[in-house]
Amino acid sequence: NAGVMQNPRHLVRRRGQEARLRCSPMKGHSHVYWYRQLPEEGLKFMVYLQKENIIDESGMPKERFSAEFPKEGPSILRIQQVVRGDSAAYFCASSRTRSDGTDTQYFGPGTRLTVL
Amino acid sequence: DQQVKQNSPSLSVQEGRISILNCDYTNSMFDYFLWYKKYPAEGPTFLISISSIKDKNEDGRFTVFLNKSAKHLSLHIVPSQPGDSAVYFCAASEGNNNAGNMLTFGGGTRLMVKP
């Protein structure tokens, strides 16, 4: 059973370009989350999605950032007009609610974005 | 406003001894707590979790203790092994009986287990 897949693993962009990060959840998982980790910090929640719906985007910057989880295909985190401060590791997690009501998130390997 | 804090940035332990990693939280609405282990350049790996209705959960060498009145949890690893050397993150969520709750992470503790 494959885990959460993310690609690319490393992404280099120049200031002003667009970055697209992809995430395929674990099989059977319908919840997808995106987190960002800045250097020497913990992970910070950005957005929670289900198929074709954004459920909670309270951690997403208001400008330049968007996320989607289409009916078919991976979830996409899109950053427009990147700036140096966007350089970070971006992690995707997925989960499903189990019969006991718990909902554990499993993480992908991350995409390391470097903005030059 | 850090709702989940790991006050020890690093911990060094001898192989075979117990490692105790601590975590404090301020949000009384948190009711589900998790520990993740992270190696450099990899994603966090789920280790163990505990619901607020319990005060202890054990899985092999890993035990998590929850003290709700003190808003404190700890992860015990015994015996510690060199392969346990990693950064450990404490995370919390609220309303876990509902699906899809965001996790709030602590800043992490780097554990080094010396052979």
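Chain A is the first sequence line, chain B the second, and so forth, proteins listed ahead of strands; every chain is numbered from 1.
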>> Among B:Pro44, B:Gly106, B:Gly107, B:Gly43, which residue has the highest count of heavy-atom pairs closer than 4.5 Å to chain A?
In response: B:Pro44
>> In this structure, is the centre-to-centre distance between the rings of B:Phe46 and A:Phe107 below 6.0 Å?
In response: no
> Looking at B:Ala91, B:Gly108, B:Ala41, which one has more heavy-atom pairs under 4.5 Å with chain A than the rest?
Replying inline: B:Ala41
> B:Ile20, B:Leu75: one ILVMFWY side-chain cluster at the under-4.5 Å cut-off?
Replying inline: no
>> Please classify the contact between B:Leu103 and chain A as side chain, backbone, both or neither, with a heavy-atom cut-off of under 4.5 Å.
In response: both
> How long is the gap from CG on B:Leu47 to OG1 on A:Thr104, to the nearest 0.5 Å?
Replying inline: 11.5 Å
> What residues of residues 8-18 of chain A sit under 4.5 Å from chain B when only non-hydrogen atoms are counted?
Replying inline: A:Arg9
>> Quick check: is B:Leu21 connected to B:Phe30 through a chain of hydrophobic side chains (ILVMFWY, heavy atoms under 4.5 Å apart)?
In response: yes
> Applying the 4.5 Å side-chain criterion to the ILVMFWY set and letting contacts propagate, would A:Met46 and A:Ile76 be lumped into a single cluster?
Replying inline: no
> What pair of heavy atoms forms the shortest contact from B:Lys38 to A:Phe91, and how long is it?
Replying inline: CE-CZ, 3.5 Å
>> Quick check: is B:Met102 connected to A:Val4 through a chain of hydrophobic side chains (ILVMFWY, heavy atoms under 4.5 Å apart)?
In response: yes
> Taking every heavy-atom pair that is under 4.5 Å apart, which of B:Gln2, B:Glu42, B:Gln6 has the most such pairs with chain A?
Replying inline: B:Glu42
>> If I measure from the heavy atoms of chain B, does A:Gln6 come under 4.5 Å with its side chain, its backbone, both, or neither?
In response: neither
> Mind checking what makes side chain to side chain donor-acceptor pair (under 3.5 Å) contact with B:Arg17, not counting sequence neighbours?
Replying inline: none
> Can you name the nearest heavy-atom pair linking B:Phe105 to A:Leu43, along with the distance?
Replying inline: CB-O, 3.4 Å
> Shared ILVMFWY cluster between A:Val115 and A:Met60, side chains joined below 4.5 angstrom?
Replying inline: yes
>> Suppose the criterion is side-chain hydrogen bond (donor to acceptor under 3.5 Å, both in side chains): which pairs have a residue in residues 43-53 of chain B, not counting sequence neighbours?
In response: B:Tyr32-B:Ser49
>> Can you list everything that forms a side chain to side chain donor-acceptor pair (under 3.5 Å) with A:Trp34? Sequence neighbours excluded, please.
In response: A:Ser75
>> Would you say that more than 12 heavy atoms from the other residues, nucleotides or ligands in this model lie under 6.0 Å from the CZ of B:Arg110, or not?
In response: no
> In terms of heavy-atom contacts, does NZ of A:Lys51 have more than 12 from other residues, nucleotides or ligands at under 6.0 Å?
Replying inline: yes
> Counting N and O atoms only, with roles assigned by atom type, does the side chain of A:Gln105 sit under 3.5 Å from a partner on the main chain of B:Asn101, one being a donor and the other an acceptor?
Replying inline: yes
